[in-house]
Participant: 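Can you keep this structure in mind? I'll have questions shortly.
Worth saying up front: this structure is predicted, and the values here are computed from it rather than measured. Only heavy atoms go into these numbers, but all of them, side chains included; no hydrogens, no water, no symmetry mates.
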Amino acid sequence: LSKTAFCTLLGIIICCGLAGVLSPYSPEMMDSSAASVAPCIAHPFGTDPMGRDLLTLILYGGRASLLIGLISGLISTAIAVVYGTVSGLAGEWISDLLMRFSELIMSLPQILLILFLQALWGKTTVLSLAVIIGLTGWMQIAKVVRSEVRQIRGSDYVLAVKTMEGGFWYILWRHFLPNFISSIMFMVVTNIGQAMITESTLSFLGLGLPLTMVSWGSLLSMSQEAMLSGNWWM
């Protein structure tokens with residue numbers, strides 16, 4: 001089952017990456033003569049009310065959604081690893097203070113926090129949305145990293161490196177990261193999926209990417225309107 005799921009996911013990623021090769025249409029192409037056409041040979045998934053090919057929109061929209069998920073996942077993981085390691089190495093008072101700060105951020109609704117940061121950023125783009133989602137999604141991983149670091153910080157090999165004046169980044173990269181990477185990998189993958197869901201939620205509510213940029217979330221928003229008009233394929 002896991003192999004089937006992996007192959008399916010890999011197939012989706014490859015198809016989205018090769019959208020320009022697989023689709024004979026452009027995502028901006030509008031054909032008024034082919035508006036709201038049901039699935040057929042020319043349009044396997046049908047078209048929307050503006051005459052755009054839905055298969056093309058799904059492939060190109062997947063690029064935006066997957067890119068947001070990957071970039072935000074990398075950002076949140078990098079912040080969590082550094083923050084959690086610093087908290088794990090710090091004294092009890094500073095460590096508790098850092099954890100209380102992360103819990104304070106976790107207590108805030110993520111959607112509202114993203115909207116606030118996006119308003120400060122300005123124009124909504126794939127990059128801005130990915131960065132902001134990444135900045136608001138690192139707290140859970142940081143707590144796991146902190147716990148792992150606190151367990152191994154007193155190990156002989158770590159103390160030996162400190163004695164030889166090994167730097168923070170050297171210890172993190174060579175000794176801490178290999179020990180907790182397996183513990184956080186599941187959370188990293190989950191964060192990527194959660195970032196895609198967050199982007200879809202924002203776009204579905206009309207608060208995400210602009211209308212000129214297609215994503216899976218904006219397509220979901222279109223499908224809600226299409227059900228009222230009988231365009232079931234959307």
Side-chain angles (χ1 to χ4, degrees), residues 9-10 12-13 16-17 60-90 95 97-149 167-205 207-210 213-218:
L9 178 60
L10 184 62
I12 292 173
I13 294 174
C16 291
Y60 280 93
R63 281 184 173 183
S65 295
L66 289 169
L67 190 61
I68 288 174
L70 291 173
I71 294 177
S72 64
L74 290 173
I75 293 173
S76 62
T77 302
I79 296 174
V81 167
V82 175
Y83 191 94
T85 302
V86 171
S87 178
L89 292 175
S95 179
L97 182 63
L98 291 174
M99 283 299 101
R100 298 297 84 77
F101 174 73
S102 65
E103 290 169 1
L104 175 63
I105 298 178
M106 287 177 62
S107 67
L108 301 174
Q110 187 183 22
I111 296 295
L112 294 180
L113 190 57
I114 290 173
L115 292 177
F116 172 72
L117 294 176
Q118 184 60 67
L120 295 178
W121 184 297
K123 182 180 179 182
T124 304
T125 63
V126 170
L127 179 60
S128 70
L129 207 54
V131 170
I132 290 172
I133 293 175
L135 291 175
T136 58
W138 51 269
M139 290 75 72
Q140 288 286 1
I141 301 179
K143 295 179 71 173
V144 176
V145 171
R146 173 182 178 269
S147 299
E148 294 291 331
V149 170
F168 171 80
W169 297 106
Y170 178 84
I171 299 174
L172 171 60
W173 183 257
R174 294 296 298 272
H175 298 287
F176 286 145
L177 190 61
N179 280 283
F180 59 65
I181 189 66
S182 58
S183 303
I184 67 172
M185 187 52 64
F186 172 76
M187 301 185 71
V188 171
V189 176
T190 303
N191 258 21
I192 294 175
Q194 187 61 45
M196 295 172 62
I197 293 174
T198 301
E199 179 276 323
S200 296
T201 302
L202 291 170
S203 296
F204 178 77
L205 296 173
L207 303 172
L209 296 173
M213 302 183 67
V214 181
S215 70
W216 284 341
S218 62

Participant: Under 6.0 Å from the CH2 atom of W173, do we count more than 12 heavy atoms belonging to anything else shown?
Facilitator: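 Not buried by this count: 12 neighbours or fewer within 6.0 Å.
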
Participant: Please confirm whether the backbone N or O of L104 pairs with a side-chain atom of S107, one donor and one acceptor, at under 3.5 Å?
Facilitator: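 A pair under 3.5 Å: yes.
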
Participant: To the nearest 0.5 Å, tell me how far L74 CG sits from N191 CG.
Facilitator: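 One finds 11.0 Å between CG of L74 and CG of N191.
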
Participant: Please report the interatomic distance CZ(R100) to CE(M106), rounded to the nearest 0.5 Å.
Facilitator: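 One finds 11.0 Å between CZ of R100 and CE of M106.
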
Participant: Where do G62 and C16 come nearest, in terms of heavy atoms and distance?
Facilitator: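 Between these two residues, the closest heavy atoms are CA-SG, 3.7 Å.
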
Participant: Evaluate I171 against L89 for side chain to side chain contact (heavy atoms under 4.5 Å, CB included), listing each step before the verdict.
Facilitator: CA-CA 11 Å; I171 299 174; L89 292 175; 5.8 Å; no

Participant: For a side chain to side chain donor-acceptor pair (under 3.5 Å) check, start with the C-alpha distance between S203 and E199, then their side-chain angles and the critical distance, and finish with the verdict.
Facilitator: CA-CA 6 Å; S203 296; E199 179 276 323; 2.8 Å; yes

Participant: Which atom pair, heavy atoms only, marks the closest approach of S183 to E148?
Facilitator: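 Shortest heavy-atom separation between S183 and E148 comes out as OG-OE2, 3.5 Å.
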
Participant: Measure from the side-chain N and O atoms of S128 to the backbone N and O of T124, and report whether any donor-acceptor pair falls under 3.5 Å.
Facilitator: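 It does not hold such a pair.
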
Participant: Do any N or O atoms from the side chain of S218 and from the backbone of V214 form a donor-acceptor pair under 3.5 angstrom?
Facilitator: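 Flag not set: sc S218 to bb V214 has no pair under 3.5 Å.
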
Participant: Would you compute the distance between atom CG of L67 and atom OG of S72 and round it to the nearest 0.5 angstrom?
Facilitator: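 Spacing of CG (L67) from OG (S72) equals 9.5 Å.
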
Participant: Go through L115 and L202 one step at a time and tell me if the side chain to side chain contact (heavy atoms under 4.5 Å, CB included) criterion holds.
Facilitator: CA-CA 9 Å; L115 292 177; L202 291 170; 4.0 Å; yes

Participant: Looking at every heavy atom in both L66 and M196, which two are closest together, and how far apart are they?
Facilitator: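 The pair with the smallest heavy-atom distance is CD2-CE, 3.6 Å.
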
Participant: Between Y83 and L98, which heavy-atom pair has the shortest distance, and what is it?
Facilitator: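 Looks like OH-O, 2.5 Å.
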
Participant: Can you check side chain to side chain contact (heavy atoms under 4.5 Å, CB included) on F101 and L97, steps first, answer last?
Facilitator: CA-CA 6 Å; F101 174 73; L97 182 63; 6.0 Å; no

Participant: Output, in order, the C-alpha distance, side-chain angles, deciding distance and verdict of side chain to side chain contact (heavy atoms under 4.5 Å, CB included) for L112 and L108.
Facilitator: CA-CA 8 Å; L112 294 180; L108 301 174; over 6 Å; no

Participant: If the condition is side chain to side chain donor-acceptor pair (under 3.5 Å), which residues does S200 pass it with, not counting sequence neighbours?
Facilitator: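 Side chain to side chain donor-acceptor pair (under 3.5 Å) check on S200 returns nothing, list empty.
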
Participant: Tabulate below the donor-acceptor pairs under 3.5 Å that side-chain atoms of residues 132-146 make, not counting sequence neighbours, or state none.
Facilitator:
unit_1 : atom_1 : unit_2 : atom_2 : d
T136   : OG1    : Q110   : NE2    : 3.2
T136   : OG1    : I132   : O      : 3.1
T136   : OG1    : I133   : O      : 3.1
W138   : NE1    : L135   : O      : 2.9
R146   : NE     : S87    : OG     : 3.2
R146   : NE     : S95    : OG     : 2.8
R146   : NH2    : S95    : OG     : 3.0

Participant: Grab the two heavy atoms, one from S215 and one from L209, that are nearest each other, plus how far apart they are.
Facilitator: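 Nearest heavy atoms, S215 then L209: CB-CD1, 3.9 Å.
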
